[in-house]
Amino acid sequence: MNCLKGLCYIPFVKKLITRHFTLENNKLNKELFGLGFKNPVGLAAGFDKNALYINELEALGFGFIEIGTVTPKPQEGNEKPRLFRLPKDKALINRMGFNNHGVKVVADRLRQWKIKNRSLTTHHSRLTTHDSRLTIGGNIGKNKITPNEEAWRDYEICFRELFDCVDYFVVNVSSPNTPGLRALQEKDSLRKILSHLQTINQQHTLPKPLLLKIAPDLTKEEVDDVIDLAMEIKLDGLVAANTTTGREQLTTHHSRLATIGAGGLSGKPLALRSTEMVKYIHQKTNGQVPVIASGGIFTAADAIEKLNAGAALLQVWTGFIYEGPSIARKICQALLS
């Protein structure tokens with residue numbers, strides 16, 4: 001990514017890279033949450049945690065980028081090593097722990113990107129907060145040291161700080177790598193956080209789309225609770241799903257898994273569960289709660305499977321690592337054909 005950043009500093013080189021990796025076609029355009037997406041293939045939160053590579057990721061053809069997870073205060077995250085590849089399973093295990101530079105630094109970086117972007121382009125989308133056609137999401141979380149009963153304050157701080165910098169928000173209470181965080185998925189805890197954010201949101205002339213990212217390990221009853229809450233609070237959508245703590249049916253030897261230890265599993269092993277969740281939520285809500293599908297999307301076939309299940313948009317992460325920088329273009333080509 002740093003090499004790519006160096007290349008993209010040179011305008012004509014960035015143009016060449018963009019031309020190679022980006023597929024421009026109006027048939028790929030999507031409108032959702034009142035926002036415009038130049039194509040439905042996005043990069044999930046957790047890759048560009050600090051909004052360092054937006055310019056470069058745009059050149060690789062993504063329709064939208066979700067930065068973060070961002071917390072109020074900067075934090076180092078968990079001890080290294082904390083990211084592991086499982087090539088036999090086309091999977092990753094991570095226990096990053098919301099390592100990020102803090103919301104103020106990230107917000108400033110996004111503002112600088114907007115200013116620079118305006119000076120480089122005359123194209124304006126009425127549907128985003130900036131002149132680029134790249135839609136930016138902000139994934140927000142709480143600091144590790146913040147007790148759960150005070151978590152709502154952390155989400156509010158991040159929401160207010162990023163409000164003018166991002167096009168939509170995703171509330172992350174489903175990472176397995178911050179102790180106690182997933183307890184916030186319990187209905188009453190969730191209601192407190194989400195209703196508070198929605199109250200602040202509705203005070204603005206143009207409220208921002210507000211989504212919730214959920215864990216794949218939720219039971220059917222817990223998913224039903226999330227759906228009920230989404231309808232009650234009028235969330236704009238759900239992201240299904242985050243990483244799993246499960247280790248079922250992996251090819252990687254159990255001794256290797258034991259050596260790696262705790263963390264969230266992503267990639268191919270999550271594909272089926274993610275699709276099941278997308279389909280269930282879509283059917284249960286009659287499509288009233290849009291779902292961004294995340295989990296196990298590597299190929300065009302994976303993407304089409306998610307869309308057929310009812311996904312409104314797609315997010316890749318582990319697939320980007322294994323398939324390489326052409327993943328967005330390849331999926332978009334298949335969608336057109």
Side-chain angles (χ1 to χ4, degrees), residues 26 28-40 42-45 48 51 54 57-58 62-72 103-141 152-173 190-213 229-239 285 287-292 312-313 315:
N26 289 338
L28 292 168
N29 295 172
K30 293 274 290 184
E31 279 202 29
L32 192 68
F33 321 128
L35 296 174
F37 296 82
K38 62 182 177 181
N39 70 60
L43 184 62
D48 192 8
I54 294 174
L57 293 167
E58 182 177 30
F62 290 105
F64 61 108
I65 306 293
E66 199 171 296
I67 59 96
T69 297
V70 179
T71 58
V103 70
K104 286 190 179 296
V105 171
V106 173
D108 285 344
R109 202 167 279 146
L110 286 166
R111 289 186 190 104
Q112 289 301 313
W113 177 76
K114 283 168 62 177
I115 292 166
K116 186 178 180 182
N117 192 65
R118 284 201 172 106
S119 70
L120 291 175
T121 179
T122 55
H123 179 91
H124 179 69
S125 169
R126 65 180 178 84
L127 297 166
T128 56
T129 63
H130 41 80
D131 292 319
S132 171
R133 293 183 63 216
L134 181 70
T135 302
I136 306 291
N139 188 296
I140 57 176
W152 62 273
R153 296 182 194 274
D154 279 17
Y155 289 96
E156 177 186 346
I157 291 166
C158 292
F159 187 83
R160 289 187 186 277
E161 192 69 40
L162 288 173
F163 191 86
D164 294 323
C165 308
V166 300
D167 300 303
Y168 71 90
F169 282 94
V170 176
V171 175
N172 187 354
V173 292
L190 255 186
R191 181 184 282 110
K192 183 176 182 179
I193 294 167
L194 295 174
S195 59
H196 182 64
L197 291 179
Q198 196 66 294
T199 299
I200 299 166
N201 198 21
Q202 296 305 319
Q203 291 169 358
H204 290 268
T205 307
L206 292 172
K208 292 288 167 78
L210 183 62
L211 293 82
L212 174 69
K213 189 166 189 173
L229 204 56
M231 304 286 270
E232 174 192 327
I233 298 173
K234 295 182 171 57
L235 288 183
D236 294 275
L238 297 171
V239 182
T285 65
Q288 291 180 57
V289 179
V291 185
I292 299 179
L313 295 169
Q315 284 185 333

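Closest approach of Lys234 to Gln198, counting heavy atoms only: O-NE2, 3.0 Å. The shortest non-hydrogen separation linking Val289 to Thr285 is N-OG1, 3.5 Å. The two atoms that bring Gly36 and Glu31 nearest to each other are CA-CG, 4.5 Å, heavy atoms only. Pairing each heavy atom of Phe62 with each of Leu57, the nearest pair is CD1-O, 3.4 Å. In terms of heavy-atom proximity, Leu162 sits nearest to Val103 at CG-CG2, 3.7 Å. Between Gly141 and Asp154, the shortest heavy-atom distance links the atoms O-CB, 4.2 Å.
Lys30 places no side-chain N or O within 3.5 Å of a backbone atom of Leu313 that could act as its donor or acceptor partner. Using modelled atom types, no side-chain atom of Asp167 and backbone atom of Thr135 make a donor-acceptor pair closer than 3.5 Å. Proximity of a side-chain donor or acceptor of Asn201 to a complementary backbone N or O of Lys208 within less than 3.5 Å is detected.
Within the 4.5 Å cutoff, side-chain heavy atoms of Arg160 are placed close to those of Ile200. Looking at Phe169 and Pro209, their side chains never come closer than 4.5 Å, going by heavy atoms from C-beta outward. Under the 4.5 Å side-chain criterion, counting only non-hydrogen atoms from C-beta, Asn39 is not in contact with Asn29. Taking 4.5 Å as the limit, every side-chain heavy atom of Leu211 sits out of range of all side-chain heavy atoms of Leu235.
The CD atom of Glu156 lies 10.0 Å from the OG1 atom of Thr199; values are rounded to the nearest 0.5 Å. Annotation: the span from Lys192 atom NZ to Leu194 atom CG amounts to 12.5 Å, rounded to 0.5 Å. To the nearest 0.5 Å, the span separating NE2 on His196 from CD1 on Ile233 amounts to 12.5 Å. To the nearest 0.5 Å, atom CD1 of residue Ile54 and atom NZ of residue Lys116 are 11.5 Å apart. Rounding to the nearest 0.5 Å places SG of Cys165 at 8.0 Å from CG of Asp108. Leu212 CG to Asp236 CG: the interatomic distance, rounded to the nearest 0.5 Å, is 12.0 Å.
Under the 6.0 Å cut-off for aromatic ring centres, Phe163 and Phe159 qualify, their centroids lying closer than that.
Partners of Asn139 according to the side chain to side chain contact (heavy atoms under 4.5 Å, CB included) rule, which considers only residues two or more places apart in sequence or in another chain, are Ala45, Glu66, Thr69, Val170, Asn172, Lys213. In this structure, the salt bridge (Lys or Arg N to Asp or Glu O under 4.0 Å) partners of Glu161, at least two apart in sequence or on a different chain, are Lys104, Arg111. Annotation: salt bridge (Lys or Arg N to Asp or Glu O under 4.0 Å) contacts of Arg191 (sequence neighbours excluded): Asp188, Glu232.
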Evaluate the criterion side chain to side chain contact (heavy atoms under 4.5 Å, CB included) for residue pair Leu35 and Phe64; output intermediate values, then yes/no. CA-CA 11 Å; Leu35 296 174; Phe64 61 108; over 6 Å; no

Criterion side chain to side chain contact (heavy atoms under 4.5 Å, CB included) on Phe33 and Leu210, from CA distance to verdict: CA-CA 9 Å; Phe33 321 128; Leu210 183 62; over 6 Å; no

With side chain to side chain contact (heavy atoms under 4.5 Å, CB included) as the criterion, how do Ile292 and Leu238 come out once you've worked through the C-alpha distance, each side chain's angles and the decisive distance to 0.1 Å? CA-CA 6 Å; Ile292 299 179; Leu238 297 171; over 6 Å; no

Can Arg109 and Val105 be said to form a side chain to side chain contact (heavy atoms under 4.5 Å, CB included), step by step? CA-CA 6 Å; Arg109 202 167 279 146; Val105 171; 3.5 Å; yes

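Between Phe37 and Tyr168, the ring planes lie tilted relative to each other; the angle falls in the 30° to 60° range.
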